[in-house]
Amino acid sequence: MKKPSIEITDLVREFGTLRAVDKVSLEVAAGQILALLGPNGAGKTTLLRILAGLLAPTAGESRVLDRQSFPPCPSVAGRIGCLIDGVEPPGGVRVCQILDLKASASLGFDRRRAKQLCEAHEIGLNRRWRSLSKGQKRWVLAVSCLVAGAEVLLLDEPADGLDPSARHELYGLLREEANERDAAVIVASHILSDVERVADEVAILRRGRVQLRGNLEDLRERVREVEFATDASPSIPPGARPLGHDDDSGTLWLVYDNAADADSPLPGELQRRTVNLERLYLAITEHREKPEPDGSDRLEPASSV
Amino acid sequence: MKLRWSLLCWQLRQVSVVTIAAMLLSVWFVLTYHDPLKFDIMTWAPFFILAHCSLLTWRLGRVRSRSFGFLYGQGFSRDTLWLHTMLASGVSVLAVWLPAALLVWSGLRSDYQEMMQNYWFPLMAETEGAFILWSLLAYAVLLPVFHYCWIRAAQPTRGTTGGFAIAIGAVFGAFSIWNSVRVPDMPTWTVLLFAGGFVLATISLSLGGMRLHRRLEVI
């Protein structure tokens, strides 16, 4: 197994009394794409900012390319490509100046490819930043990261504002970077269909904690959506853990330790289904909307499949 | 660390409006000011320099702005970013004062004042060169202090006041020392002591700023 390019251990980040990232542990190997999912405010952007060396962790450790992410190591800074949500160049700069800036910071920036990719989307290199549409701005920033020859890519909502064909192309380029150049990629996104198409692993965050992490194929095999009568009180079988519970529809989402047990029926169940990523995401985030009466969190944190 | 032109141009763009405005103001003032230019008896010059330093560091040190986060996420090392921030400040200072200096040193100011029938000129023209050098010295002291402040204020372990107390103290300290140095018949060793203190403060604040800049947080 390849040594992880990104290693996060018990990472915590607090802003005053708010704990934005809460004991997160993750690893991403070279050539692997990890998708970070979670509702707004789950801690995805903070986590990416820590990895990009923009924020210091309050506790725990985060290492990128075998160096502490903060304070950023000079020998590593140019090997990371990051697209962080909420930051952008000043409105008056031209596209070519943005690409020049990135080129002078990166070790293997491919200017010709950057030019081609921008012009293919009718973005002239002399256009000013403020004259670009939201999608065009996103495309320029994403392209500048993807052609920089980075060994680690940290992308926060890279497809935000892109049309479907541009999104398709962007994730194709991302897959190419991971496969051909062995880049380790973390991509935070709300567009689950895209994530399902390119990610090797997903991690679902909620309230700063990793609620579920695993390989997409494994998740499909080991997570089940089970329907009971609404007045039933189902018991959790051994070797399974609940991911979410919807009292109104009598639905329980379970993750099994062994895929072989995933299709064993439970007493009182009406229906059992495999779940796609969207259903799984909703199960976990829906649970957030219905906390326990005593305020406790029923989900086990950081369960890895 | 090597010079990156695109980064320097990027930083200069951030301060272009401040630089052009300050340059026009200094040129206009140096050309039209009717009394001899002497740093120690003019009140506007220290305030102009203070204002210029404040605006430069405000433009270059807006840690919470979107463009600052963008720049710091591009992959430059922290030392490279610090160096180019200081370079951009220095270039801005030279851009503001070089035209003014040329007006003084070339005699254009003197000729203009003589044309305006100012009785001081052209006699005083040659004594005014020191004014520019004193102004540049003031920048050399104040710029590292001002840059140190915003860098310190953006540390992960920042206090509530950041480094601004240091800035205020340094400015008052500089003016107090400046006033003491101007006392007639000051022994040479005292002047050298103050000068040494200035140099030491400038070097230590520059190096301290560079070191703290490595741990700067971009929120």
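This one's a predicted model, so the numbers in the text were calculated from it and none came from an experiment. Below, all heavy atoms of this structure are taken into account, side chains as well, without hydrogens, waters or symmetry copies.
- Taking the side chain as every heavy atom from C-beta outward, B/F70 and A/V93 never approach each other to under 4.5 Å.
- For chain A, the option among B/C9, B/S65, B/G69 with the highest count of heavy-atom pairs below 4.5 Å is B/G69.
- Ranked by heavy-atom pairs shorter than 4.5 Å toward chain B, the options A/S75, A/S104, A/A150, A/G78 are led by A/S104.
- Proximity to chain B (any heavy atom under 4.5 Å) is shown, for A/I98, by both the backbone and the side chain.
- Residues of residues 71-82 of chain B placed with any heavy atom under 4.5 Å of a heavy atom in chain A are listed by number as B/L71, B/Y72, B/G73, B/Q74, B/G75, B/F76, B/S77, B/R78.
- For a residue to count as touching a neighbouring chain, one of its non-hydrogen atoms must lie under 4.5 Å from one of that chain's; by this rule A/L101 touches chain B with backbone and side chain alike.
- At a threshold of 4.5 Å between non-hydrogen side-chain atoms, the residues B/W10 and A/D100 do not count as touching.
- Contacts from residues 47-71 of chain A to chain B, taken as heavy-atom pairs separated by less than 4.5 Å, involve A/R49, A/G53, A/L54, A/L55, A/A56, A/F70, A/P71 in sequence order.
- Other residues, nucleotides and ligands place more than 12 heavy atoms under 6.0 Å from the CZ atom of B/R62.
- Of the listed residues (B/L7, B/L216, B/V218), the one with the most heavy-atom contacts under 4.5 Å to chain A is B/V218.
- For chain B, the option among A/K102, A/E88, A/R79 with the highest count of heavy-atom pairs below 4.5 Å is A/E88.
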